[in-house]
Protein chains: 2
Amino acid sequence: MSIGRVSERTGLSAHTLRFYEREGLFVEPIRRDTAGRRVFGEKEVGWLQVCARLRSSDMPLPDIRRYAELVRQGAGTEAERLELLRGHQARVERRARELRDSLDVIRFKVALYEEHFAAGSADTLWRDGPACAPAE
Amino acid sequence: MSIGRVSERTGLSAHTLRFYEREGLFVEPIRRDTAGRRVFGEKEVGWLQVCARLRSSDMPLPDIRRYAELVRQGAGTEAERLELLRGHQARVERRARELRDSLDVIRFKVALYEEHFAAGSADTLWRDGPACAPAE
DNA sequence: GCTTGACCTCGAGTCGACTCGAACTCCTAC
DNA sequence: GTAGGAGTTCGAGTCGACTCGAGGTCAAGC
């Protein structure tokens, strides 16, 4: 499978795929055809889909590289892989909570504006500072 | 209130507060004492707490600046402010969903490792590619 | 009067993850 | 045989939001 096809299937640009290879993010070296072009298999696509998920939840590239290294080293590294995943899981959950908290504030302010619009008194907003939230 | 005190109360560094002023993120110009030092009031602290929330949900500085500008302009700009907030709300909600989706994958993989550990067969993980998720 | 510490300005540096562009090589189809 | 398209390498550029550091000013306490 060509880099272009993989790019289509994963949503990652060809530039990014080459960059990921340079960065050592792949578990096995990418094969090449006679002309030196990269040849990808289903395994790589599956892994890239995982990578995309890890990235979209902001796992840093060094962590993904580390995970790839551990898989490369094979049996015996499973505990550290699990630890890596759990650490990331915890961070993502924390981040999700943070977003929820921010959403509370944003929704509060949106509701405030809507109420004032309904009451025709939007111009009284921000008299002596921002109205933040009920209990902040 | 000194910049140091505001830094303590908002969790934003003094450097960041000066940077925010340069970037025009404040609604009103920051007052100065005779020695040229910034003097903040409760209004500013409240606004900075809102800013911190907007930032922690990744609202870009230009959007916050725009919001501040609109407040500065006063009555008549409420509709655009509301629009700005709603746009951000939608983005944050989308982002929260994305994180949830990623969490599904991460939790699936964590569970997979745990099962294999329990079964004593962790070494059979990654035979022909990553196990991604039940239905991806 | 002198040290200490908190403040000031200004410009430059950092960081991570791409993203781009130039110059090149292939293979395929006409 | 040549034009086009997809691939290659390499190094440099971008972006946003800080973050830092040098060099200076000021007020209070000893």
Side-chain angles (χ1 to χ4, degrees), chain A residues 1-26 29-41 44-45 47-68 88 91-92 95 98-99 102, chain B residues 1-26 29-41 44-45 47-68 88 91-92 95 98-99 102:
Chain A
M1 201 181 325
S2 73
I3 199 170
R5 183 81 188 92
V6 175
S7 171
E8 273 173 27
R9 284 188 56 190
T10 59
L12 301 165
S13 77
H15 272 304
T16 298
L17 295 173
R18 294 189 200 105
F19 170 69
Y20 279 7
E21 188 194 22
R22 268 208 300 291
E23 291 291 296
L25 258 55
F26 286 97
I30 303 299
R31 283 157 295 154
R32 303 300 183 110
D33 68 10
T34 52
R37 279 169 299 183
R38 292 171 182 80
V39 176
F40 298 84
E44 277 77 28
V45 172
W47 169 242
L48 284 169
Q49 281 160 349
V50 173
C51 288
R53 275 291 168 213
L54 295 176
R55 283 296 307 129
S56 79
S57 50
D58 297 321
M59 186 186 269
L61 290 197
D63 287 14
I64 301 183
R65 171 168 37 239
R66 178 71 186 142
Y67 189 84
H88 183 56
R91 278 189 300 277
V92 177
R95 176 69 180 141
E98 192 181 17
L99 279 194
S102 296
Chain B
M1 201 182 324
S2 73
I3 198 169
R5 182 82 188 91
V6 175
S7 172
E8 272 174 26
R9 285 189 57 192
T10 59
L12 301 164
S13 76
H15 272 304
T16 298
L17 295 174
R18 292 189 201 105
F19 170 69
Y20 279 5
E21 187 194 22
R22 267 208 301 290
E23 292 290 296
L25 259 54
F26 285 97
I30 303 298
R31 283 156 296 153
R32 303 299 184 111
D33 67 10
T34 52
R37 281 169 296 181
R38 293 172 181 78
V39 176
F40 298 84
E44 277 77 29
V45 172
W47 169 241
L48 284 168
Q49 280 160 350
V50 173
C51 288
R53 275 291 168 212
L54 296 176
R55 282 295 308 129
S56 80
S57 50
D58 296 323
M59 186 186 269
L61 290 197
D63 287 14
I64 301 184
R65 170 167 39 238
R66 178 72 186 140
Y67 189 84
H88 183 56
R91 279 188 300 277
V92 178
R95 177 68 181 143
E98 193 181 16
L99 279 193
S102 296

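Everything numeric here is computed off the predicted structure, so don't read it as measured data. We name chains A, B, ... by the order of the sequence lines, and we start the count at 1 in each one.
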From [X] [atom1] over to [Y] [atom2], what is the distance, rounded to the nearest 0.5 angstrom?
{"X": "B:L25", "Y": "B:T16", "atom1": "CG", "atom2": "OG1", "value": "11.0 Å"}
{"X": "A:E98", "Y": "B:R53", "atom1": "CD", "atom2": "CZ", "value": "7.0 Å"}
{"X": "B:S57", "Y": "A:R95", "atom1": "OG", "atom2": "CZ", "value": "7.5 Å"}

message: What contact category does B:R32 fall into here, base, sugar-phosphate, or nothing, at under 4.0 angstrom with non-hydrogen atoms?
response: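 Answer is sugar-phosphate: B:R32 comes under 4.0 Å of backbone atoms only.
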field: B:R55 to B:Y20 - nearest heavy-atom pair and separation
entry: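 For B:R55 versus B:Y20, the nearest heavy atoms are CG-OH, 3.6 Å.
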- prompt: What are the two closest non-hydrogen atoms of A:L12 and A:S7, and how far apart are they?
  reply: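 Smallest interatomic distance, heavy atoms only, reads O-OG, 2.8 Å.
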Rounded distance in Å - [atom1] ([X]) to [atom2] ([N]):
{"X": "B:I3", "N": "D:dC26", "atom1": "CD1", "atom2": "C1'", "result": "16 Å"}
{"X": "A:I30", "N": "D:dG7", "atom1": "CD1", "atom2": "P", "result": "14 Å"}
{"X": "B:L17", "N": "C:dA6", "atom1": "CG", "atom2": "C1'", "result": "14 Å"}

task: Look at B:R38 and C:dC8 and indicate whether a side-chain polar atom (N or O) is within less than 4.0 Å of OP1 or OP2.
output: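 It does, given that an N or O in the side chain of B:R38 lies less than 4.0 Å from OP1 or OP2 of C:dC8.
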- prompt: Name the one of A:E44, A:R18, A:R37 that satisfies side chain to side chain contact (heavy atoms under 4.5 Å, CB included) with A:I30?
  reply: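 Exactly one option meets the side chain to side chain contact (heavy atoms under 4.5 Å, CB included) with A:I30, and it is A:E44.
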message: What does the B/S/- profile of nucleotides 17-30 of chain C look like, 5' to 3', with a 4.0 Å heavy-atom cutoff to protein?
response: SBBBB----SS---
